[in-house]
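Report on one structure; see the data block that follows.
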Amino acid sequence: MAADIHEKTDRYEGLLAEALDAAEIAPPEGTPMHDAALDCEEMASAYLDDGRHFRDDDDLVNALASFSYGHAWLDAGARIGLFDVPTEGHLFTQ
């Protein structure tokens, strides 16, 4: 059975919020990679805010998409070493 969009939207919002809290910028300050990490973190945070706005407007499709895109920014950043993230658990791909 397909997941209910309300449940899935709430779950993805929680995953993005938790991932934002867990991701720590890895490169040293003053380096281009640190700047790139800040950009990825900013994009993920903006998508979290956008998703919450869409959900408040009962636009669950765009809310879910926003939460998914935001998490993708963090996950991609973690894969290329911009973030130190937990290696165990459900927040990031391994």
Side-chain angles (χ1 to χ4, degrees):
M1 177 193 268
D4 175 79
I5 191 163
H6 294 278
E7 181 276 327
K8 195 169 194 174
T9 302
D10 290 344
R11 184 166 30 103
Y12 277 58
E13 176 191 9
L15 285 171
L16 176 53
E18 193 176 349
L20 270 165
D21 286 342
E24 296 181 14
I25 294 176
E29 287 188 41
T31 65
M33 294 299 280
H34 185 270
D35 293 343
L38 288 174
D39 288 344
C40 287
E41 186 178 58
E42 182 180 349
M43 290 299 294
S45 182
Y47 273 116
L48 179 62
D49 291 342
D50 289 349
R52 288 174 172 164
H53 172 77
F54 285 128
R55 190 186 54 214
D56 289 346
D57 287 346
D58 291 323
D59 185 352
L60 297 181
V61 171
N62 281 317
L64 180 57
S66 292
F67 297 143
S68 298
Y69 290 147
H71 196 275
W73 276 93
L74 290 179
D75 209 30
R79 297 280 290 187
I80 63 172
L82 297 179
F83 300 107
D84 289 327
V85 298
T87 57
E88 302 294 322
H90 63 284
L91 293 178
F92 296 94
T93 59
Q94 304 301 317

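This one's a predicted model, so the numbers in the text were calculated from it and none came from an experiment.
Nearest heavy atoms, A44 versus G70: CB-O, 3.4 Å. In plain terms, the two heavy atoms of C40 and L82 that are nearest each other are SG-CD1, 3.8 Å. Nearest heavy-atom pair, P28 versus H34, reported as atom, atom and distance to 0.1 Å: O-CB, 3.0 Å. In this structure, F83 and E41 approach most closely via the heavy-atom pair CZ-N, 3.9 Å. Minimum heavy-atom separation, W73 to Y47: NE1-CE1, 3.5 Å. Pairing each heavy atom of L91 with each of A22, the nearest pair is CD1-CB, 3.9 Å.
Hydrophobic cluster membership is shared by I25 and L48, with clusters built from Ile, Leu, Val, Met, Phe, Trp and Tyr side chains linked at under 4.5 angstrom. Under the 4.5 Å side-chain heavy-atom criterion for Ile, Leu, Val, Met, Phe, Trp and Tyr, M43 and I80 are members of distinct hydrophobic clusters. Note on Y12 and F54: separate hydrophobic clusters, where clusters join Ile, Leu, Val, Met, Phe, Trp and Tyr whose side-chain heavy atoms are under 4.5 Å apart, directly or indirectly.
In the displayed structure, E29 atom CD is contacted under 6.0 Å by at most 12 heavy atoms of other residues, nucleotides or ligands.
The backbone N or O of L60 sits nowhere less than 3.5 Å from a side-chain atom of H6 that would complete a donor-acceptor pair.
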**OP:** In sequence, state the C-alpha distance, the side-chain angles, and the governing distance for L16 and L74, and then conclude on side chain to side chain contact (heavy atoms under 4.5 Å, CB included).
**Re:** CA-CA 9 Å; L16 176 53; L74 290 179; 4.0 Å; yes
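Atoms CD1 and CD, on I5 and E7 in that order, are 11.0 Å from each other to the nearest 0.5 Å.
Listed by chain and number, the residues in a salt bridge (charged side-chain N to carboxylate O under 4.0 Å, His left out) with D10 are R55 (sequence neighbours excluded).
Between the side chains of H53 and D57, at least one donor-acceptor pair of N or O atoms lies under 3.5 Å.
The side-chain hydrogen bond (donor to acceptor under 3.5 Å, both in side chains) analysis of residues 59-70, with sequence neighbours excluded, yields the pairs D59-N62.
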